[in-house]
*Asks:* 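Here's a structure for you.
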Amino acid sequence: TTQSGGGLTPVTTDEVAVYVIPLMTALKFYPATRPGDPLEPYLLAGVGFAFGVEDSDSGTGIAQGFGFKAGSGLDWRLSPAFALTLGARYQWLKFFEGDPGGMETFKGFGFDAGLTYRFQYQ
């Protein structure tokens, strides 16, 4: 929420919603296990582009940026193709032009959980 005016002019309030959309490619490295092991700790590294969308009463703006992420986690293999995954990551994004939400750089920790599918080859 931003406010403008004051003193002899009326105060107006403008609601601003900011969305950061990272489009990153990441690779998982399994340094301590073999492909058949049921528990597989991993390291993660990735880079890519991002979009920052700022939506307010006065209009919508889009900023482009670039960033990286790094993290680690654990895959629990349920079958040769499927695994449950749980991990943590640090992500850093810098926008080229514009500053969605008044911030040029977004950074911080995040958590991941999900189902992983591995393509099988023969």
Side-chain angles (χ1 to χ4, degrees):
T1 302
T2 59
Q3 293 184 346
S4 60
L8 298 176
T9 60
V11 175
T12 59
T13 303
D14 191 19
E15 292 290 326
V16 178
V18 177
Y19 306 95
V20 176
I21 306 164
L23 305 170
M24 297 206 181
T25 298
L27 295 175
K28 283 184 178 180
F29 302 99
Y30 297 91
T33 59
R34 293 185 310 268
D37 292 345
L39 293 176
E40 298 181 303
Y42 65 83
L43 299 173
L44 176 104
V47 296
F49 294 99
F51 293 102
V53 180
E54 185 175 271
D55 187 21
S56 68
D57 296 336
S58 59
T60 301
I62 297 176
Q64 297 173 346
F66 185 79
F68 72 87
K69 67 178 174 179
S72 64
L74 182 69
D75 282 352
W76 177 31
R77 296 192 62 168
L78 304 173
S79 72
F82 290 98
L84 294 177
T85 187
L86 183 64
R89 69 182 173 334
Y90 179 81
Q91 190 163 298
W92 179 91
L93 301 168
K94 178 153 177 84
F95 290 96
F96 303 129
E97 294 180 13
D99 51 350
M103 297 179 66
E104 184 177 295
T105 304
F106 285 79
K107 57 187 174 180
F109 290 94
F111 299 96
D112 300 312
L115 182 66
T116 300
Y117 176 78
R118 294 181 188 201
F119 292 97
Q120 306 297 305
Y121 64 92
Q122 295 180 0

*Asks:* Could you state whether Phe68 and Phe106 fall into the same hydrophobic cluster, counting links through intermediate Ile, Leu, Val, Met, Phe, Trp or Tyr residues with side-chain heavy atoms under 4.5 angstrom apart?
*Replies:*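 They do not share one cluster, since no chain of ILVMFWY contacts under 4.5 Å joins Phe68 to Phe106.
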*Asks:* Mind listing the closest non-hydrogen atom pair of Gly52 and Pro100 along with its distance?
*Replies:*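 Scanning both residues completely, I find the closest heavy atoms to be CA-CG, 3.8 Å.
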*Asks:* Within this structure, what is the CD-OH distance for the pair Glu54 and Tyr19, rounded to the nearest 0.5 Å?
*Replies:*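 Between atom CD of Glu54 and atom OH of Tyr19 there are 11.5 Å.
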*Asks:* I need the minimum non-hydrogen distance between Ala83 and Arg77, along with the two atoms involved.
*Replies:*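 Residues Ala83 and Arg77, closest heavy atoms: CB-CA, 3.8 Å.
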*Asks:* Please test Glu40 against Lys28 for side chain to side chain contact (heavy atoms under 4.5 Å, CB included), starting from the C-alpha separation and ending with a verdict.
*Replies:* CA-CA 11 Å; Glu40 298 181 303; Lys28 283 184 178 180; over 6 Å; no
*Asks:* Any ion pair linking Lys69 and Asp112 (charged N to carboxylate O, less than 4.0 Å)?
*Replies:*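 Result for this pair is no, no salt bridge flagged.
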*Asks:* I'd like to know whether Val47 forms a side chain to side chain contact (heavy atoms under 4.5 Å, CB included) with Phe66, so could you lay out the CA-CA distance, the side-chain angles of the two residues, the decisive distance to 0.1 Å, and finally the verdict.
*Replies:* CA-CA 8 Å; Val47 296; Phe66 185 79; 4.1 Å; yes
*Asks:* I'd like to know whether Asp75 forms a side chain to side chain contact (heavy atoms under 4.5 Å, CB included) with Arg118, so could you lay out the CA-CA distance, the side-chain angles of the two residues, the decisive distance to 0.1 Å, and finally the verdict.
*Replies:* CA-CA 11 Å; Asp75 282 352; Arg118 294 181 188 201; 3.5 Å; yes
*Asks:* Give the minimum heavy-atom separation between Leu115 and Thr85, together with the two atoms involved.
*Replies:*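 Closest heavy-atom pair between Leu115 and Thr85: N-CG2, 4.5 Å.
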*Asks:* Give a yes or no on whether Phe29 and Phe119 share a hydrophobic cluster (residues Ile, Leu, Val, Met, Phe, Trp, Tyr; joining criterion: side-chain heavy atoms under 4.5 Å apart).
*Replies:*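 In one cluster: no.
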*Asks:* Ignoring hydrogens, what is the shortest heavy-atom contact between Pro31 and Leu43? Give both atom names and the distance.
*Replies:*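 Scanning both residues, the minimum pair turns out to be CG-CD1, 4.3 Å.
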*Asks:* To the nearest 0.5 Å, what is the distance between CG (Leu39) and CG (Leu74)?
*Replies:*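 The CG atom of Leu74 is 5.5 Å from CG of Leu39, to the nearest 0.5 Å.
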*Asks:* According to side-chain hydrogen bond (donor to acceptor under 3.5 Å, both in side chains), does anything in residues 93-105 pair up with another residue at least two apart or in another chain? List the pairs.
*Replies:*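 Applying side-chain hydrogen bond (donor to acceptor under 3.5 Å, both in side chains) to every pair that reaches into residues 93-105, excluding sequence neighbours, yields Lys94-Glu104.
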*Asks:* Under a 4.5 Å side-chain heavy-atom rule over Ile, Leu, Val, Met, Phe, Trp and Tyr, are Phe96 and Trp92 clustered together?
*Replies:*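 Same cluster.
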*Asks:* Would you please name every residue forming a side chain to side chain contact (heavy atoms under 4.5 Å, CB included) with Ile62, sequence neighbours left out?
*Replies:*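 So Ile62 forms a side chain to side chain contact (heavy atoms under 4.5 Å, CB included) with Phe51, Val53.
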*Asks:* To the nearest 0.5 Å, tell me how far Leu93 CG sits from Phe49 CZ.
*Replies:*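 The CZ atom of Phe49 is 12.0 Å from CG of Leu93, to the nearest 0.5 Å.
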*Asks:* Would you say Tyr42 ends up clustered with Leu86 if hydrophobic residues are merged whenever their side chains have heavy atoms under 4.5 Å apart, either directly or through other cluster members?
*Replies:*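 No.
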*Asks:* Scan side-chain atoms only and decide if Asp37 and Tyr30 contain a donor-acceptor pair under the 3.5 Å cut-off.
*Replies:*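 No pair is found: no donor N or O on one side chain lies under 3.5 Å from an acceptor on the other.
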*Asks:* Report the relative orientation of the aromatic rings in Phe109 and Tyr90; use parallel for angles under 30°, tilted for 30 to 60°, perpendicular for over 60°.
*Replies:*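 Correct class here is perpendicular.
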*Asks:* Check the pair Phe82, Tyr117 against ring-ring contact (aromatic ring centres under 6.0 Å, His included), reporting the backbone distance first and the verdict last.
*Replies:* CA-CA 5 Å; Phe82 290 98; Tyr117 176 78; 5.2 Å; yes
